[in-house]
Protein chains: 2
Amino acid sequence: MKTILFDFISKYITLTEEEKNALLNLDLFHSVKKGTILLSEGQKSKESYFPLKGCIRTYYILDGEEKTTAFYTEMEALTPPCVISKTPSDYYVSCVEDCILLVSNSDMEAEVNRKFPKFDTMCRILSEELLAKQRIDFDAFKTSSPEQRYLNLLQNRPDLIQRVPQHQLASYLGIKPQSLSRLRARIVEKDKG
Amino acid sequence: MKTILFDFISKYITLTEEEKNALLNLDLFHSVKKGTILLSEGQKSKESYFPLKGCIRTYYILDGEEKTTAFYTEMEALTPPCVISKTPSDYYVSCVEDCILLVSNSDMEAEVNRKFPKFDTMCRILSEELLAKQRIDFDAFKTSSPEQRYLNLLQNRPDLIQRVPQHQLASYLGIKPQSLSRLRARIVEKDKG
DNA sequence: CTGACTCCTTCACTTAAGTTAAGAAAAGAA
DNA sequence: TTCTTTTCTTAACTTAAGTGAAGGAGTCAG
């Protein structure tokens with residue numbers, strides 16, 4: 001587990017043994033069962049999540065309906081907006097599968113950043129990369145139809161389609177479960193014809 | 001112009017006179033005419049843009065059609081994904097209006113960050129804020145219909161609807177210009193009834 | 001095993017967006 | 001100004017997503 005983390009960090013900055021030990025003393029690793037709710041609407045939180053194994057999702061409940069907006073799998077960091085804005089959360093975060101998560105606290109991060117300015121640089125680069133990546137995803141979503149979005153997902157994150165229930169995938173694609181069913185049937189029909 | 005910039009920065013970090021002067025020596029401010037293309041598809045660029053006045057937009061050309069994905073107005077920073085990924089750009093950036101832009105270069109930023117580590121911190125915070133903000137926008141887009149998106153825009157960025165041509169707004173909302181026209185007519189009709 | 005529940009699919013029907021085309025209005029260029 | 005081009009709107013028709021309802025498959029608890 002440690003190795004996975006340090007390998008990841010080494011892509012951005014080089015750590016001394018002292019720095020590695022400082023990190024390990026922070027009690028970052030947590031095992032969490034499928035279905036566990038990590039964050040609820042209305043709650044204030046300072047926690048960020050980083051799945052080393054497993055998958056977590058973010059969802060809103062609007063008019064009594066779950067609207068899934070994102071999935072975070074291995075090595076994809078989630079810092080909920082409420083942690084940044086310091087306001088109660090608008091959404092829920094829960095585990096799609098049994099997970100091993102790295103859970104960090106923003107106070108703790110501030111402390112580490114103060115002690116080791118190197119981390120500031122890493123966090124900046126990480127945020128910039130995520131921002132660019134998310135921008136591209138958003139653009140792709142805007143410029144394509146539900147069917148194209150599904151085909152893109154099939155290309156880019158085929159694992160998700162296996163790991164995640166259809167109705168959660170559907171709202172992730174911006175449509176209803178019935179429409180996703182129909183759309184899949186349509187694609188199969190096209191492949192035949 | 002300087003004042004606007006320093007007021008903005010002062011929300012994040014406190015600058016010494018030396019640091020302010022270092023910034024001002026960088027030739028950051030540029031006046032740009034409406035319609036100017038700042039970045040083209042296929043081009044490699046290291047430039048970020050920050051409108052002090054005016055509005056710029058990002059758009060793709062897909063199947064010969066312009067797809068507008070974002071507008072950046074006063075005090076909204078744009079670092080194109082190609083600057084982060086160091087690959088040729090997938091999209092265009094152009095001026096919707098005559099603009100006064102702060103244009104920075106990623107090499108220059110790296111230099112400043114090296115000299116004044118404070119800037120690393122500011123950039124980190126800025127990126128984190130933008131990431132959270134963009135996430136919320138993306139979620140709102142996914143969970144709402146074109147009509148709701150238009151009404152949200154009317155609420156949150158009413159200026160855009162005045163400043164920007166309808167056909168650019170339409171693709172920003174993820175629909176065709178004809179659909180936007182119809183949708184607007186529908187809303188007016190509802191207000192009457 | 002049975003009954004309750006969730007999830008997925010299918011169907012018929014409704015609603016809204018895409019498409020094609022045409023004309024009016026506005027903006028730019030000569 | 002006048003001519004040209006772009007932009008916006010409207011309309012008729014097509015296509016696909018939303019809605020409501022129903023049934024089958026799988027899971028879980030008792």
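Labels below follow one simple rule: chain letters A, B, ... track the order of the sequence lines, proteins then strands, and each chain is numbered from 1. Remember, it's a predicted structure, so these values are computed and weren't measured experimentally. Only heavy atoms go into these numbers, but all of them, side chains included; no hydrogens, no water, no symmetry mates.
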- Message: Applying side chain to side chain donor-acceptor pair (under 3.5 Å), can you list everything that pairs with B:Lys67, at least two apart in sequence or on another chain?
- Response: none

- Task: Check the distance between D:dG20's C1' and A:Glu65's CD and give it to me in whole angstrom.
- Result: 13 Å

- Just checking, is any N or O donor in the side chain of A:Thr79 or A:Ser48 under 3.5 Å from an acceptor N or O on the other one? yes

- Would you kindly check if the NZ (Lys) or CZ (Arg) of B:Lys2 is within the cone defined by 45 degrees around the ring axis of B:Phe6 and under 6.0 Å from the six-membered ring centre? no

- Message: From CD of B:Gln148 over to P of C:dT15, roughly how many Å is that when rounded to an integer?
- Response: 17 Å

- Over how many whole Å does the gap from B:Tyr150 atom OH to C:dA17 atom P extend? 13 Å

- For atom CD1 of A:Ile187 and atom C1' of D:dA17, their distance in whole Å: 14 Å

- Query: Once you round it to whole Å, what is the distance between C1' of C:dT9 and CD of A:Glu189?
  - Reply: 15 Å

- Message: Tell me the interatomic distance from B:Arg184, atom CZ, to D:dA11, atom P, rounded to whole angstroms.
- Response: 16 Å

- Item | Geometric class of the A:Phe141/B:Phe138 ring pair [parallel <30°, tilted 30-60°, perpendicular >60°] | perpendicular

- Task: State whether B:Arg186 places a side-chain N or O below 4.0 Å from either non-bridging phosphate oxygen (OP1 or OP2) of C:dA17.
- Result: yes

- Message: Tell me which residues in residues 161-182 of chain B lie within less than 4.0 Å of DNA chain D, going by non-hydrogen atoms.
- Response: B:Pro165, B:Gln166, B:His167, B:Gln178, B:Ser181

- How many Å lie between CG on B:Leu62 and P on C:dG18, as a whole number? 15 Å

- Given that B:Glu147 and B:Lys34 both sit by DNA chain C, which one's nearest nucleotide is further toward the 5' end? B:Glu147

- How long is the line joining CZ of B:Arg149 and P of C:dA16, in whole Å? 14 Å

- Item | Minimum heavy-atom distance between A:Gln168 and A:Thr68, given as atom pair plus value | O-CB, 3.6 Å

- Item | Minimal non-hydrogen separation, A:Leu78 against A:Tyr91, with atom names | CD1-OH, 3.7 Å

